[in-house]
Number of protein chains: 2
Amino acid sequence: MEKDSTYFGVKEIARRANVSIATVDRVIHNRTGVSEKTRKKINEIIKELDYQPNILASRLASKNIIILAILIPRVSEETDFWEAPLRGIQRAEAEIKQYGIQTINYFFDLNDKDSFIKQSNLILEKGVNGVLLSPSFIEQSILFTQECQKRKIPYVFIDSNIPEQHSLSYIGPHLFKSGYVGAKLLTYRVKSNNKVLVVNISKEIENYNYLQIEEGFRTYFKDNHMDNEIVRIDMKETDYLSVARHMTYVFHMHKDIEAIFVTNSRVFTVASFLQNSHRKNISLIGYDFIKENVQHLNTGVIDFLICHKPEEQAYRAVMALYQTLVIGSSVEKIQYMPIDIITKENYEFYQN
Amino acid sequence: MEKDSTYFGVKEIARRANVSIATVDRVIHNRTGVSEKTRKKINEIIKELDYQPNILASRLASKNIIILAILIPRVSEETDFWEAPLRGIQRAEAEIKQYGIQTINYFFDLNDKDSFIKQSNLILEKGVNGVLLSPSFIEQSILFTQECQKRKIPYVFIDSNIPEQHSLSYIGPHLFKSGYVGAKLLTYRVKSNNKVLVVNISKEIENYNYLQIEEGFRTYFKDNHMDNEIVRIDMKETDYLSVARHMTYVFHMHKDIEAIFVTNSRVFTVASFLQNSHRKNISLIGYDFIKENVQHLNTGVIDFLICHKPEEQAYRAVMALYQTLVIGSSVEKIQYMPIDIITKENYEFYQN
DNA sequence: ACTGCTTTCGGGTACGTACCCGTAAATATA
DNA sequence: TATATTTACGGGTACGTACCCGAAAGCAGT
C-alpha cells in the first residue's frame, strides 16, 4: 500500500523548468516577480502535467484564514424556519474548519429593513472573503451585492433569487414550479367544479416568493384546462385568532371550497382552524417541514407538505463558497433544489 | 486574519508531558513502546486539552493509502439502476482522494450467484481496508461479511439490509414504509371498491426487497380499512412481450382494475403496455428515477415514481467508511433514505 | 563487571505547499 | 563608469503529524 507515485507536485514542475519551487509558487498564485519567459514555460509544464495542487498541504502551509459572512433572518417566534439553514451552515463549517475556514452569522429581522442594511454594512466593514445571503429585501440586497461585486467578494443567494445579479450561485427552489406541483397535488383528487382557496399569511413586508408560487399554481390549472374558481385571500396578521376570523369569513362567502393551498409554512394555523371548526374532507397543502406542520400532517388535517431542503440549501451554499475560494473550482450558477413532497407516510424519513 | 492560536497540537502535549513528539504519537496511535506511567500522563493531557488531530497534516504525513472495495451489481442492459450508485461512489472518491483513499470496483452479475462469491473472494485476497456492498444474495453476503468481521474490515450495506449482521451501517430505504407510501399515493384517488394490481417483474433470483415492499403496501390498506381486492402477479421474464402477455391475461381475468403498483424499476414496461393497449384512467406507480420511467411520467402514463436516492446512498456509504477509517468518528448504524415522490411536475429538479 | 536483550524514548526527516528573506542580475539614474 | 533602484529568482523554514532509526536505560544471566 504505497502512495500514488504518479503524482507530480511543485517540486517536479520546478525540476523540469530548472527553477526553484518558490518561482513555481509565484506562477501558480499569479504573484509578481517572474519574467514573462519563465512564467510561460512553467505554465506549459503545469498544463502538461495536469498539475492538481494538494489542498491538504496547501491549507496546512497557508496562514491566512477565510471568513464567510452569513446574512439570514433571525430565528424568531414568528417562524423557526431559519433554524434549518443554520444547521446546514454549522454542518458545513464543521467539515471545512480544518481548512482554515470560519463563518460569522449576521442576523437581520424580517420585519425591519433597516436591520438588514445595518448587518450588511457590518459585513462590509469586517472585510470578509465570501457572503451567503437570503435576499429577503430585494432593493437592499441589490445595493449590498453590488458593493460586494466592487470588492470582488463572491456571494451566494439562498431561498430566493435575484437573477439579474452576478451571484456566484443561487441555491434554492424554483418557486413557480413549486406552486405548480402544489396545484397538481391539490387537484389530484379534487372534484370537477368546486372552489379552491389560496391563502397567503405573512407579516413580511416583501412577498416576492409568494407571487411566483401563486403564478405557478394558477398556471397548472390553465395548462390542464381546469376551470375551478380560485379564491384568494391575504392575511397580514399571523396569529391564530386573526387567521380564524379570516377563514370563517371566507367559508361564509364560499360554501363549496374543497381544497386549500397555503403558500408558506404557516399552513399549520389553517390546519388548526379546520380542526377546531370540524371541517373535514377539505384537502390542505402547505410548505415546509416544521414541527407544527408535521403534527397536522400526522393527524391527517394536512395532506401534503412541500419542502425545498432549507438545511441542504445553506450547506451547499457554504460549500460553494469554499469551492471557489479554496479549491478554485467553478460552481453551478443556479442550483434548483428538489421540490419534495412530504406525507404522513414518509415524513419520518425526510431529510431537510 | 490569523490562524486560530488557541489550537493545541502534539507539540504542546509533548511540551506539557516533558516527552518528545514521537512518544505522544505512540500514545495517540496505541503503539507499543511507552511505559504505562507516561502513557497515562499523556492521555490525561490529551483529554484536558481536548486534542483534535489535524486531519490535513495527518493524511499528508501518512504514507499508507486506504483502499475501499465496492461490491455491487454490474450495470446491465437489464437495468441501468446501478449507474446511480456508481456516480455517487465516484463523487465521493473525488472528494477524498486527496486523503489517500482509493476505491476498487468489484462487479457481480445479478443472475449469477457464483459471480458474487468470486468477487467477494477477490476482495478478501486483495486485503482492503473497508467494503461497501449491496447484499443481493443474502446467504453469500452473510458468509462474506462474517469473514470481514473476522479480519476487522468494516463494511456498509446499501440498497437492502441484513439486520442481523454487524455492519458499520446500513444506508438505504425502509422498504416496508416505501410500499406503504406507494399504497397511499395509489389510493389517494382510487374509487371505493375497484381492484388494485401489484406487479413484480424480476428475473433476479432473490427478491427479498419485493416481499417487504408488498407487505407495506398491503398494510396500508389494512390500516385504513380499505377492502379493495389486491390482485398480484409475478413475472420472471422482463421483456416487453412477456409482460404484455401477462398483463393481457390479468386484465382479461379482472375487468375492474383501477390502479397498478409495480414493485421495482420495470414499471416502464407496464406503462408501455397501457399506452399500446389504449387503457386510460388507470393509476400507475412504480420505482426509480431511470430514463424510461421518467419518459412515461412525462406523458402521464405513470402517475408517481418512488425513489430512494441511489446515488446518495453510495456516496454516503463511502463517506461512512472514510469517517470510520480516517477520522475515527462514529457512524449511524442505520441511515434510512428519504422515500421520495416524483411526479411529472417536479422530476426535473430531482436529485438522485 | 561484562555481554546480550528488551523496553522506553528522542532526534530528525518527510509529506507538499506557502511565504519570508536575501541576493544576483538587470535596468535606470547620476 | 559608479551608484541607486527595480526585477527575478533561490534557499530555507514552517504548517502539524507520521514514522524511521538509533540510543539510553533497565534487566537478565554469566
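Note on naming: letters A, B, ... go to the chains in the order of the sequence lines (proteins, then strands), and numbering restarts at 1 for each one.
Distance CG (Asn64(A)) to C1' (dC20(C)): 15 Å, rounded to an integer number of Å. Protein atom CD1 of Ile21(A) is 12 Å distant from nucleotide atom C1' of dT13(D), rounded to whole Å. The distance between atom CZ of Phe8(B) and atom P of dG16(D), rounded to the nearest whole Å, is 12 Å. Protein atom NZ of Lys11(B) is 16 Å distant from nucleotide atom P of dG10(C), rounded to whole Å. Here dT17(C) presents its P atom at 13 Å from CG of Leu56(B), a figure rounded to the nearest Å. In this structure, Ile42(B) places its CD1 atom 12 Å from C1' of dG10(C), rounding to the nearest Å.
In this structure, Arg39(A) does not pair ionically with Glu44(A), as no charged nitrogen and carboxylate oxygen lie closer than 4.0 Å.
Aromatic rings from Tyr322(A) and Tyr99(A) are positioned such that their centres are separated by under 6.0 Å. Proximity of the aromatic rings of Tyr170(B) and Phe157(B) is defined here by a centroid distance below 6.0 angstrom, and this criterion is not met.
Here the nucleotide nearest the side chain of Leu60(A), chosen from dC19(D), dG16(D), dT17(C), is dG16(D). Counting only heavy atoms from C-beta on, Pro53(B) has its side chain closest to dT17(D) among dT17(D), dA18(C), dG16(D). In this structure, of dC19(D), dC9(C), dA8(D), it is dC19(D) that holds the atom nearest to the side chain of Ala22(B). Considering only side-chain atoms of Ser20(A), the nucleotide from dA18(C), dG10(D), dT8(C) that sits closest is dG10(D).
Aromatic ring pairs are classed by plane angle as parallel below 30°, tilted from 30° to 60° and perpendicular above 60°; the pair Phe116(A) and Phe108(A) is perpendicular.
Nucleic acid contact for Gly33(B): base, since at least one base atom lies under 4.0 Å from a heavy atom of the residue. In this structure, Thr32(A) reaches neither bases nor backbone, as no heavy-atom distance under 4.0 Å exists between it and the strands shown. Asn54(A) comes within 4.0 angstrom of sugar-phosphate atoms only, judged by non-hydrogen atoms across all strands, and of no base. Base engagement by Arg26(B) is indicated by at least one non-hydrogen atom pair under 4.0 Å involving a base atom.
Contact annotation: the side chain of Tyr7(A) never approaches that of Glu12(A) to less than 4.5 Å [non-hydrogen atoms, C-beta and beyond].
Annotation: of the two residues near DNA chain D, His29(B) and Glu36(A), the 5′-most nearest-nucleotide partner is Glu36(A).
For Tyr51(B), a side-chain nitrogen or oxygen approaches OP1 or OP2 of dT17(D) to under 4.0 Å.
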